[in-house]
Amino acid sequence: MDVTIRQIHLLPTLIHWRKEILENVSGATPSKRMLADTRLYYQKHIADGSHIAVMAEADGIGVGFGAISVVEELPSPDNPSGLCARLTDVYVQKEYRSKGIGQMIVRWLVDKAAESGCGAIWLEADGALSLYRRTKL
């Protein structure tokens, strides 16, 4: 299985993954209003670079997703830039789990956060703590 991670910008692809994550992780079908607000969020934050999303493809088929949101806080001695990345929505479709794909997504996003000047990364752990530990950040 050939797995690649690529950054995505297309709104239909972003909306598709967000909807799949909400349905399969949260068990909730997003309302039309939530999807409209999600579209507005992506339009703003993908364009200004404060949200970076990736898709994992296995043999050319989309099988996973992940994202970071870059936020700014007060600079500090341990984070002079004040930039922080919030790692969120790391998701791999059930049949592709336990193949290292989630780790590849996390590693790509952590590297991108560092390249973007983020001095801190916040991890959203909704069931993903073991993934983060396996990735050895």
Open item on the list: What's the separation between atom NE2 in H16 and atom CD1 in I8, rounded to the nearest 0.5 Å?
Closed with: 9.0 Å

Open item on the list: Can you confirm whether L22 sits close enough to M34 that some side-chain heavy atom of one is under 4.5 Å from a side-chain heavy atom of the other?
Closed with: yes

Task: Pairwise side-chain contact, T88 with I68, heavy-atom cut-off 4.5 Å (strictly under) - done: no

Task: Euclidean distance, I21 CD1 relative to Y91 OH, rounded to 0.5 Å - done: 7.5 Å

Open item on the list: Is there a side-chain contact between V3 and E57 in this structure, where contact means two heavy atoms from C-beta onward sitting under 4.5 Å apart?
Closed with: no

Open item on the list: Distance check, rounded to the nearest 0.5 Å: L40 atom CG versus L35 atom CG?
Closed with: 11.0 Å

TODO: Using distance alone, with no hydrogens and no angle criterion, decide if Y41 and H51 have a side-chain donor and acceptor under 3.5 Å apart.
DONE: yes

Task: Close side-chain approach of D89 to W17, heavy-atom, < 4.5 Å - done: no

TODO: Give the minimum heavy-atom separation between M1 and A58, together with the two atoms involved.
DONE: SD-CB, 3.6 Å

Open item on the list: I need the minimum non-hydrogen distance between H45 and S50, along with the two atoms involved.
Closed with: ND1-OG, 2.7 Å

TODO: Considering non-hydrogen atoms only, spot the tightest contact between I101 and A56 and give its length.
DONE: CG2-CB, 3.6 Å

Open item on the list: side chain to side chain contact (heavy atoms under 4.5 Å, CB included) for V70 and C118? Distances and angles first, verdict last.
Closed with: CA-CA 8 Å; V70 178; C118 294; 3.9 Å; yes

Open item on the list: Check D48 with K44, please: is the shortest side-chain N to carboxylate O separation under 4.0 Å?
Closed with: no

Open item on the list: To the closest 0.5 Å, what do you measure between CG (L14) and CZ (R18)?
Closed with: 11.0 Å

TODO: Please report the closest heavy-atom contact between L83 and G117, naming both atoms and the distance.
DONE: CB-O, 3.9 Å

- [ ] Any chance you could measure Q7, atom CD, to I46, atom CD1, to the nearest 0.5 Å?
- [x] 7.5 Å

Task: Note, H9 side chain near Y42 side chain (heavy atom, < 4.5 Å) - done: no

- [ ] Mind listing the closest non-hydrogen atom pair of A113 and I121 along with its distance?
- [x] CB-CD1, 4.1 Å

TODO: Please examine the side chains of R6 and V54, heavy atoms only from C-beta on, and report whether any two atoms are closer than 4.5 Å.
DONE: no

Task: S81 side chain to N79 side chain, donor-acceptor N/O pair below 3.5 angstrom - done: yes

Open item on the list: If I compare all heavy atoms of I52 with all of S116, which pair ends up nearest, and what's the gap?
Closed with: CD1-OG, 4.2 Å

TODO: Can you measure from CG (N24) to NZ (K94) and round to the nearest 0.5 angstrom?
DONE: 9.0 Å

Open item on the list: Within the structure provided, determine whether L11 and Q43 are in side-chain contact (heavy-atom separation under 4.5 Å).
Closed with: yes

Open item on the list: Hydrophobic clustering (ILVMFWY, side-chain heavy atoms < 4.5 Å, transitive) - are V25 and I15 grouped together?
Closed with: yes

